[in-house]
Number of protein chains: 2
Amino acid sequence: MDTAAQPDTAPAENLSAKVYADLKMKLIVGQLRPAETLSIRTLAEEYGVSAMPVREALRQLASEDSLIGAAKKAYRVPDLTPSEAANLFFIRAILEGAAAEIAAENVRAKDIKFLEKLVQDMDTAWQNQDAVQFLLVNFKFHSRIYSLTGNSALQSMIESLYARTGPWLAHGITELVTIDSWMGDHPAIIGALRNRDAALARKLVEEDARWGVDLYRARS
Amino acid sequence: MDTAAQPDTAPAENLSAKVYADLKMKLIVGQLRPAETLSIRTLAEEYGVSAMPVREALRQLASEDSLIGAAKKAYRVPDLTPSEAANLFFIRAILEGAAAEIAAENVRAKDIKFLEKLVQDMDTAWQNQDAVQFLLVNFKFHSRIYSLTGNSALQSMIESLYARTGPWLAHGITELVTIDSWMGDHPAIIGALRNRDAALARKLVEEDARWGVDLYRARS
DNA sequence: TGGGTTAAACTGTGATCACAGAATCATGTA
DNA sequence: TACATGATTCTGTGATCACAGTTTAACCCA
């Protein structure tokens, strides 16, 4: 198995953590599809490790509900119902909104610069119809913002939400034909951060999180 | 090892999940102290199982930052700094506040009744100086509220926050002599829920979450 | 008696095996 | 031909062993 689009989640002192980080990133960027089944032995062979690290990684992802694991049945990627997805985006709006508020007070010039570059990367990814790259850059964008809070607990919670909504988003993106309203928000978020307008940053980020829900509604 | 004060987290189809649930509850109610060290083999013997389920449970708790696990070093209970604890209570305030808002719209008469009973239990636990029981009932109280949201993702996130702040709270409680301001909030929360006053419920729950931080400040 | 060095005990980690339940597919029967 | 039933394959799970790094304790030397 080729490793996920980009490691980036790089700590990983042991094999379990490596496998975990790789699978999680694949979930985030939509390289694993809803209802897809994951086998310990198969993944072990693909990663070139024993079953041990893989089973721990899968169990860990399942414990965060990023995967579904029933007794003696194969792990599989959750196939979210619209209501479940809405629940997740709801939490994301709350947490990221609060994070943006704090971030607006801590943001530095280099952060702004980095975010601006990501907006460009996201644009090109979209033009190339590269859904994986698109979701990856989107994740990096938000990730940078909430990392500015210095609240690592908040960070890991939001990340797990991206892992859970990733497969669902990727599915939605490839299904949909017309999405062009998304890009408008990110530059606005950057502007709010630059002006240290915490309230506006919060509002914009909350709206951005709601985009995932709207994406689905547009289909039905 | 005697099992945690009360299972209550009861699904557990496999041994790993049982050990995980038991250890997590012990963290929540403060039966594990900050900086305490946990050994896979020791726990395995105490639980009467092999090392396998225990190591998976410990890894899982470590992945949620409920425990600290460095490579080839013993797992241990985090000894939070005031700033780290404040970060956790901050998230709890956000999530539980939002949860209370939704709960206020879904609350039923039997929920109110249950919560009122818990307030009494909490009172007696306090009079008995039973910190474990006190924290357990407190957890049950909040747990009932955010379970009313029907958002299971929100639920598990909040629970992990209790697991992380539990040891710290227990430590704070046993250290402190005078705490009597806490009880006033819970009846008020019940009142807000009964009146379906979402905004007030949110405000009160947020304040209640801040209590943990105040608890520490009172010491220094 | 104090400090540094070495050895023993303990730690998580990875791999491998045996097992029981779930899913799948083929086979034989009505 | 359709359906039920069987066997085969695949699933996670628990246990056990070997290994390397960490910690602890003892011991020896100054």
Side-chain angles (χ1 to χ4, degrees), chain A residues 1 3 7 9-24 26-27 32-79 167, chain B residues 1 3 7 9-24 26-27 32-79 163:
Chain A
M1 178 179 288
T3 56
T9 318
E13 297 186 355
N14 45 17
L15 290 181
S16 302
K18 283 201 185 100
V19 175
Y20 170 81
D22 189 73
L23 286 174
K24 183 175 175 181
K26 280 188 176 169
L27 285 169
L32 297 176
R33 285 167 305 181
E36 182 172 347
T37 186
L38 298 178
S39 154
I40 291 180
R41 288 174 177 82
T42 304
L43 287 175
E45 196 175 2
E46 290 172 343
Y47 279 109
V49 299
S50 85
M52 204 66 243
V54 175
R55 69 191 279 189
E56 289 188 328
L58 290 180
R59 165 173 293 278
Q60 192 166 319
L61 288 167
S63 81
E64 306 166 6
D65 291 317
S66 294
L67 292 178
I68 297 177
K72 312 244 173 179
K73 292 204 288 187
Y75 286 93
R76 62 181 203 279
V77 179
D79 194 359
Chain B
M1 179 180 289
T3 57
T9 316
E13 297 186 353
N14 44 21
L15 290 181
S16 302
K18 284 202 185 94
V19 175
Y20 170 80
D22 189 73
L23 287 174
K24 183 175 176 180
K26 280 189 177 170
L27 284 169
L32 296 176
R33 286 167 304 181
E36 180 172 349
T37 187
L38 298 178
S39 153
I40 291 181
R41 289 173 177 82
T42 304
L43 287 175
E45 197 175 0
E46 290 172 342
Y47 279 109
V49 298
S50 86
M52 202 68 244
V54 175
R55 68 191 277 187
E56 289 188 329
L58 290 180
R59 167 174 292 276
Q60 192 165 320
L61 288 167
S63 81
E64 306 166 6
D65 292 316
S66 295
L67 291 179
I68 297 177
K72 313 245 174 178
K73 292 204 288 185
Y75 286 94
R76 63 183 203 278
V77 179
D79 194 359

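Chain A is the first sequence line, chain B the second, and so forth, proteins listed ahead of strands; every chain is numbered from 1.
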ask   = side chain to side chain contact (heavy atoms under 4.5 Å, CB included) with A:V77: which of A:T37, A:L27, A:L61?
value = A:L27
ask   = What is the minimum heavy-atom distance between A:R59 and A:Y75, and which atoms define it?
value = CA-OH, 3.8 Å
task = Calculate the interatomic distance between A:E56 atom CD and C:dT16 atom C1'; express it in whole Å.
result = 15 Å
query = Tell me: CG of A:L38 to C1' of D:dC10, nearest whole Å?
reply = 14 Å
key: Comparing A:K73 and A:V49 on DNA chain C - which has the more 5′ nearest nucleotide   = A:V49
key: Which residue lies more 5' along DNA chain D, comparing A:L58 with A:M52 via nearest heavy atoms   = A:L58
message = Can you list, in residue-number order, the parts of residues 64-72 of chain B that come under 4.0 Å of DNA chain D, counting heavy atoms only?
response = B:K72
query = Can you find a pair of side-chain heavy atoms, one from B:Q60 and one from B:E56, that are under 4.5 Å apart?
reply = no
message = Suppose we call a contact any N or O donor and acceptor under 3.5 Å apart; does that hold for the side chain of B:R41 and the base of C:dG12?
response = yes
ask   = What about A:R55, does its side chain sit under 3.5 Å from the base of D:dG14 through a donor-acceptor pair?
value = yes
query = Phosphate oxygens OP1/OP2 of D:dG14: is one of them under 4.0 Å from a side-chain N or O of B:S16?
reply = yes
query = Can you find a heavy atom in the side chain of A:L23 that is under 4.5 Å from one in the side chain of A:V54?
reply = no
N/O (side chain, B:S50) to phosphate O (OP1/OP2, D:dG14) under 4.0 Å = no
task = In whole angstrom, give the distance that lies between atom CZ of B:R76 and atom P of C:dG12.
result = 12 Å
ask   = Between atom CG in B:N14 and atom P in D:dT11, what is the gap in whole Å?
value = 18 Å
task = Inspect the contact between A:K26 and A:D22 and indicate whether a charged nitrogen and a carboxylate oxygen are less than 4.0 angstrom apart.
result = yes
query = If only side-chain N and O atoms of A:S39 are considered, is one of them under 4.0 Å from the OP1 or OP2 phosphate oxygen of D:dT11?
reply = yes
Any A:Y75 side-chain nitrogen or oxygen under 4.0 Å from OP1 or OP2 of C:dA22 = no
query = Is the phosphate of C:dT13, meaning OP1 or OP2, less than 4.0 Å from a side-chain N or O of B:R59?
reply = yes
